[in-house]
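One structure below.
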Amino acid sequence: MNHETFFEQLDQYFAKNEIKEAGEFLEQTLEEVRQDQDISMELSVLNEMMGYYRSTDQKEKGIRSVEEGLQLIRDNGLETHPAVATMWINMGTTLCHFERVEDAEVCYKNAELFFAGSDEGALNMASLYNNTAAVYVKTGRFSEAKERYEKALEYLKKIEDNLELWEDIMFNRLVTWLNIIVMNRVKQAETKECNSEEEKDVAHRMEQIKELMELEGFQKTSSFPYAVKKCAHCFENLGDREQTEWIQNLEKGMKD
C-alpha cells in the first residue's frame, strides 16, 4: 500500500465516523507494511496511530506506538532526517497527553532542532510549549507551566510581522491566553489562595482576548468560529458566568 491510498482510506473511516473501524484499519495496515519491510510507510502508520490512540484515550497502545516509532527511527539512523520532523512533535504530544512529560520534552527538543529559524516552525514550537504546559498544570507544576506558556508567546512574538501567518499567530495567542487563565484558576483552587499578581494576569489576558475577539479582521477569518468555541468551553468549565455571557452575546451578534 502506498501513502496516498493509506491516507485516503483512513480519511474515509473518519468521514463516516467509523472510529473503531479506523483503529482496526491502522493495526491491519501496520502488520502489512512490516511484512513488506516498508520503513517509510511504517513510520506513517505509527504516526497516525499515535494521534488515534491519543484521541481515543488508549494509553497503553498510545505509549507503545510512540516507543515503536522511536525504535524504528533509532534503528535506521533517522533522528535528524527531515521526514521525521513532525513525527517528533506527534510523539511528544502523545507522551504529554499520557503524562510522560520528561520523555515528551526529549521529543520536543529534537523537534526544535528542525523548526528553529522558520516562521512555520515557531508556530509548531508555540503549540508544543502549550501542550507541555497543560500537562504541568495537570500535575501541579505551575511555575514550569508558566515558563512554557511564556515561551510559547515568545515564539509567536518573533513572527508577528509575518502577515501570511497572521491568522494562525492570533489563534495561537488566543489559545495561550486562555490556557494561562485556566492555569491561574486551577492553581488558586488547589492552593485555596487568591494571589493579587495572578488576578492581575487573569484580567490582563481577558483584556487581550476581548480585544482580539472583537477585532473585525479576526472575526472574518475561518479560525473565528473555533475561537468562539474555545472561549465558550473555557469559560463554562471555569464557571465564569460573566465571560460566558459575553462570548455568547458576541456569537449571537455575529449571527445577526
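Worth knowing before you read on, the calculation uses all heavy atoms, side chains too, and leaves out hydrogens, waters and symmetry mates. Just so it is clear, the model here is predicted, and its values are computed rather than measured. Throughout, residue positions are numbered sequentially from 1 according to the sequence presented.
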Please determine, by modelled atom types, if Ser44 and Asn47 share a side-chain donor-acceptor pair under 3.5 angstrom. no

Any pair counted as side-chain hydrogen bond (donor to acceptor under 3.5 Å, both in side chains), so long as it reaches residues 106-115, sequence neighbours left out: Glu112-Tyr155

Hphob cluster co-occupancy, Phe142 + Val202, side-chain heavy atoms under 4.5 angstrom: yes

Around atom CZ of Phe7, are there more than 12 heavy atoms from other residues, nucleotides or ligands closer than 6.0 Å? yes

Is the count of non-hydrogen atoms from other residues, nucleotides or ligands lying under 6.0 Å from His233 atom NE2 greater than 12? no

Can you find a pair of side-chain heavy atoms, one from Ile63 and one from Lys59, that are under 4.5 Å apart? yes

Do the charged groups of Lys157 and Glu154 touch, with an N to O distance under 4.0 Å? no

Val106 with Trp88, same ILVMFWY side-chain cluster at under 4.5 Å: no

Under a 4.5 Å cut-off applied to non-hydrogen side-chain atoms, are Glu251 and Phe224 in contact? no

Verify the cluster assignment for Tyr136 and Met183: are they in a single hydrophobic cluster under the rule of side-chain heavy atoms below 4.5 Å apart? no

Quick one: does any side-chain atom of Thr139 pair with a main-chain N or O of Val135 as donor and acceptor, under 3.5 Å? yes

With the side chain counted from C-beta on, respond yes when Ile181 and Ile209 share a heavy-atom pair under 4.5 Å apart, and no when they do not. yes

Can a side-chain donor-acceptor contact be found between Glu214 and Trp246 if the only test is distance below 3.5 angstrom? yes

Any side-chain heavy atom of Asn76 within less than 4.5 Å of one from His81? no

State whether the side chain of Asn162 and the backbone N or O of Glu164 hold a donor-acceptor pair below 3.5 Å, judged by distance alone. yes

Testing Lys61, Arg34, Arg64 for salt bridge (Lys or Arg N to Asp or Glu O under 4.0 Å) with Glu27, which one passes? Lys61

Which residues pass the side-chain contact (heavy atoms from CB on, under 4.5 Å) test with Glu147, not counting sequence neighbours? none

Does Lys210 have more than 12 heavy atoms from other residues, nucleotides or ligands lying within 6.0 Å of its NZ? yes

Please name the pair of heavy atoms, one in Leu153 and one in Trp177, separated by the smallest distance, quoted to 0.1 Å. CD2-NE1, 3.8 Å

Grouping I, L, V, M, F, W and Y whenever their side-chain heavy atoms are under 4.5 Å apart, do Ile19 and Leu10 come out in a common cluster? yes

Among side-chain atoms of Gln12 and Glu8, is any donor-acceptor pair under 3.5 angstrom? no

In short, Val84 meets Leu43 closest at the heavy-atom pair CG1-CD1, 4.2 Å

Would you check if there is a donor-acceptor pair between the side chains of Ser223 and Glu167 at a distance under 3.5 Å? yes

Can you pull out every salt bridge (charged side-chain N to carboxylate O under 4.0 Å, His left out) where at least one residue sits in residues 184-193? Sequence neighbours excluded, please. Arg185-Glu199, Lys187-Glu198

How far does CE of Met50 sit from CE of Met87, to the nearest 0.5 angstrom? 3.5 Å

Check side-chain contact (heavy atoms from CB on, under 4.5 Å) between Arg74 and all other residues, then give those that pass, not counting sequence neighbours. Leu70, Glu79

Got a sec, which pairs hit ring-ring contact (aromatic ring centres under 6.0 Å, His included) with one end in residues 12-49, sequence neighbours left out? Phe6-Phe25, Tyr13-Phe25

Should Thr5 and Asn2 be marked as a side-chain hydrogen bond (donor to acceptor under 3.5 Å, both in side chains) after you check the CA-CA gap, both sets of side-chain angles, and the distance that decides it? CA-CA 6 Å; Thr5 302; Asn2 59 38; 2.8 Å; yes

In residues 91-104, what donor-acceptor pairs under 3.5 Å come from side-chain atoms, sequence neighbours left out?
from   : atom 1 : to     : atom 2 : distance (Å)
Thr93  : OG1    : Ile89  : O      : 2.9
Thr94  : OG1    : Arg54  : NH1    : 2.7
Thr94  : OG1    : Asn90  : O      : 2.8
His97  : NE2    : Arg54  : O      : 3.4
His97  : NE2    : Asp57  : OD1    : 3.1
Arg100 : NE     : Asp103 : OD2    : 2.7
Arg100 : NH2    : Asp103 : OD2    : 3.0

